[in-house]
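Here's the structure we're looking at; comments come further down.
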Amino acid sequence: QVQLVESGGGLVQAGGSLRLSCAASGRTFSSYHMGWFRQAPGKEREFVAEISWSDSSTYSADSSKGRFTISRDNTKNTVYLQMNSLKPEDTAVYYCAARVRGGLGHRQYAYDYWGQGTQVIVSS
């Protein structure tokens with residue numbers, strides 16, 4: 001069982017930066033692949049980025065490549081999402097998620113645990 005708690009969201013102007021954190025409970029955090037998703041008002045939840053447990057390899061959605069960076073610190077049971085050059089269209093609730101199985105990291109159904117989300121608002 002893993003519990004996930006996101007933090008770091010808030011209001012930021014376009015072009016600004018935010019770093020989201022996701023703190024996980026449980027002693028086996030390092031065994032989980034981690035991902036970030038987001039859901040904008042009136043839209044479906046979409047994949048943002050993922051990071052593997054084994055070699056911390058990452059994969060990002062096209063919309064976040066070059067601007068967002070996912071990382072993890074297994075000693076702190078925490079995964080991060082550094083977001084730079086934010087745009088108004090990045091406004092959404094951001095969720096972190098954890099999964100055991102490998103592959104399909106861009107698919108919501110592959111994930112076993114979800115956090116409650118943190119709101120990010122980017123003003124123009």
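Because the structure is a prediction, the values reported are computed rather than measured. What you see below is based on every heavy atom in this structure, not just the backbone, and it leaves out hydrogens, waters and symmetry mates.
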side-chain hydrogen bond (donor to acceptor under 3.5 Å, both in side chains) pairs touching residues 103-124, sequence neighbours excluded, are Arg99-Tyr111
**OP:** Could you tell me whether the side chains of Tyr94 and Arg38 share a donor-acceptor contact shorter than 3.5 Å?
**Re:** yes
message: Could you check whether any side-chain heavy atom of Val12 comes within less than 4.5 Å of a side-chain heavy atom of Ile121, counting everything from C-beta outward?
response: no
When every non-hydrogen atom of Thr91 is compared with those of Val122, the smallest separation belongs to OG1-N, 2.9 Å
Review point. Are Leu11 and Val120 side-chain neighbours, meaning at least one heavy-atom pair lies under 4.5 Å?
Key: no
Do Val48 and Phe68 come close enough that some side-chain heavy atom pair is under 4.5 Å? yes
message = Evaluate Glu6 against Leu20 for side chain to side chain contact (heavy atoms under 4.5 Å, CB included), listing each step before the verdict.
response = CA-CA 7 Å; Glu6 302 95 335; Leu20 305 184; over 6 Å; no
Answer yes or no: is there a side-chain heavy-atom contact under 4.5 Å between Glu50 and Thr58?
no
Value for CG (Asn77) from CD (Gln3), rounded to nearest 0.5 Å, stands at 12.5 Å
Residues at least two apart in sequence or cross-chain that pass salt bridge (charged side-chain N to carboxylate O under 4.0 Å, His left out) with Lys76, listed by chain then number, are none
Q) Would you say Leu4 and Val2 make side-chain contact, with heavy atoms under 4.5 Å? A) yes
When rounded to the nearest 0.5 Å, the distance separating OG of Ser64 from CG of Asp90 is 8.5 Å
- prompt: With the 4.5 Å side-chain cut-off for hydrophobic clustering, are Trp36 and Val100 part of the same group?
  reply: yes
Assert yes or no for the condition that the ring centre distance of Phe37 to Tyr95 is strictly below 6.0 Å. no
Worksheet item: So, are Lys65 and Asp62 salt-bridged, with charged N and O less than 4.0 Å apart?
Response: yes
- Would you indicate whether the side-chain heavy atoms of Tyr59 and Phe47 approach each other to under 4.5 Å? yes
No-hydrogen, no-angle side-chain donor-acceptor test under 3.5 Å, Asn84 and Ser17: yes
Report yes if some heavy atom in the side chain of Trp53 is under 4.5 Å from a heavy atom in the side chain of Met34; otherwise report no.
no
Separation between OG (Ser30) and CZ (Arg72), nearest 0.5 Å, reads 7.0 Å
Heavy atoms of Thr78 and Ser21 approach each other most closely as CG2-CB, 4.2 Å
Note, Gln82 side chain near Tyr80 side chain (heavy atom, < 4.5 Å): no
Here the pair of heavy atoms bringing His33 nearest to Ser52 is ND1-CA, 3.3 Å
Ser31 meets the side chain to side chain donor-acceptor pair (under 3.5 Å) criterion, sequence neighbours left out, with none
